[in-house]
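These notes are about the structure you will find just below.
Keep in mind that the numbers below use all heavy atoms, side chains included, and drop hydrogens, waters and symmetry copies. Note that the structure is a prediction, hence the values are computed from the model and not measured.
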Amino acid sequence: MTFQELFIVNLKDYRKSYKLSQAKLAELCESSQAYIAEIEVGKKFPSPDMIEKIASAFNIESYCLFQNNATIDIRTLTPLKRQEIIDKITKIINIY
């Protein structure tokens, strides 16, 4: 996975877990929905300033948008990922 692909995957994951539309994220970042859409399909890559705005919208550090989920840091998991892990663990516990 490329650097840009990893960013896109994480951006979409955070946006969806926070239940934000592209338009709402754009509003929080003082940008346009069209620009957010272009980032998400890989047509554009955000500037460092925009990356900071995006991270701020999710209340995370900007480096979290570039973390590979193969290395899990519980402090930076999105609410959706956290819930998925809890659900899997609960299911395993209930089997036993």
Side-chain angles (χ1 to χ4, degrees):
M1 184 176 305
T2 68
F3 189 69
Q4 183 174 5
E5 290 168 339
L6 181 59
F7 177 84
I8 291 167
V9 166
N10 288 334
L11 171 62
K12 288 179 182 179
D13 187 36
Y14 275 106
R15 185 175 62 73
K16 290 175 182 177
S17 17
Y18 283 82
K19 295 181 170 75
L20 295 176
S21 65
Q22 289 178 342
K24 183 61 179 175
L25 178 59
E27 179 185 321
L28 293 170
C29 296
E30 300 172 341
S31 184
S32 70
Q33 183 274 328
Y35 182 63
I36 298 297
E38 287 179 319
I39 293 171
E40 287 193 359
V41 297
K43 287 185 178 179
K44 303 264 176 136
F45 193 77
S47 69
D49 287 339
M50 179 54 88
I51 291 169
E52 289 293 330
K53 287 180 181 182
I54 292 169
S56 179
F58 298 133
N59 199 29
I60 60 171
E61 297 293 328
S62 56
Y63 72 85
C64 296
L65 293 165
F66 298 96
Q67 284 186 317
N68 187 334
N69 288 334
T71 327
I72 297 174
D73 180 350
I74 192 73
R75 296 168 297 169
T76 59
L77 286 176
T78 65
L80 180 63
K81 289 290 184 194
R82 217 173 290 148
Q83 190 58 50
E84 286 174 6
I85 292 170
I86 291 169
D87 291 345
K88 286 179 184 178
I89 292 171
T90 303
K91 185 176 180 180
I92 290 168
I93 290 172
N94 289 334
I95 291 173
Y96 296 102

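Without hydrogens or angle criteria, Glu40 side chain to Leu11 main chain gives no donor-acceptor distance under 3.5 Å.
Sorted by first and then second residue, the ring pair (Phe, Tyr, Trp, His ring centres under 6.0 Å) pairs involving residues 16-41 (not counting sequence neighbours) are Tyr18-Phe58. Sorted by first then second residue, the salt bridge (charged side-chain N to carboxylate O under 4.0 Å, His left out) pairs that include residues 20-29, not counting sequence neighbours, are Lys24-Glu27. Screening residues 46-63 for salt bridge (charged side-chain N to carboxylate O under 4.0 Å, His left out) gives Glu30-Lys53 as the qualifying pairs, with residues at least two apart or on separate chains.
In this structure, SG on Cys64 lies 10.5 Å from CG on Asn59, to the nearest 0.5 angstrom. Between the OG atom in Ser31 and the CD atom in Gln22 there is a gap of 11.0 Å [rounded to 0.5 Å]. Taking CD1 of Ile60 as the reference point, atom CG of Leu65 lies at 4.0 Å (rounded to 0.5 Å). Interatomic distance, CG of Asn10 versus CD1 of Ile54, reported as 11.5 Å (0.5 Å rounding). Taking CD from Gln83 and OG from Ser17, the interatomic distance works out to 11.5 Å, rounded to the nearest 0.5 Å.
Tested against Phe7, the residues Tyr14, Phe66, Tyr63 include a single ring pair (Phe, Tyr, Trp, His ring centres under 6.0 Å) partner, Phe66.
Here the shortest heavy-atom pairing between Cys29 and Met50 reads CB-SD, 3.9 Å. The minimum heavy-atom distance linking Leu6 with Gln67 is given by the pair CD1-O, 3.6 Å.
A single hydrophobic cluster is seen to contain both Phe45 and Ile36, as judged by linkage of ILVMFWY side chains at heavy-atom distances under 4.5 Å, directly or through other members. A continuous path of ILVMFWY side-chain contacts below 4.5 Å connects Phe3 to Ile39, so both sit in one hydrophobic cluster.
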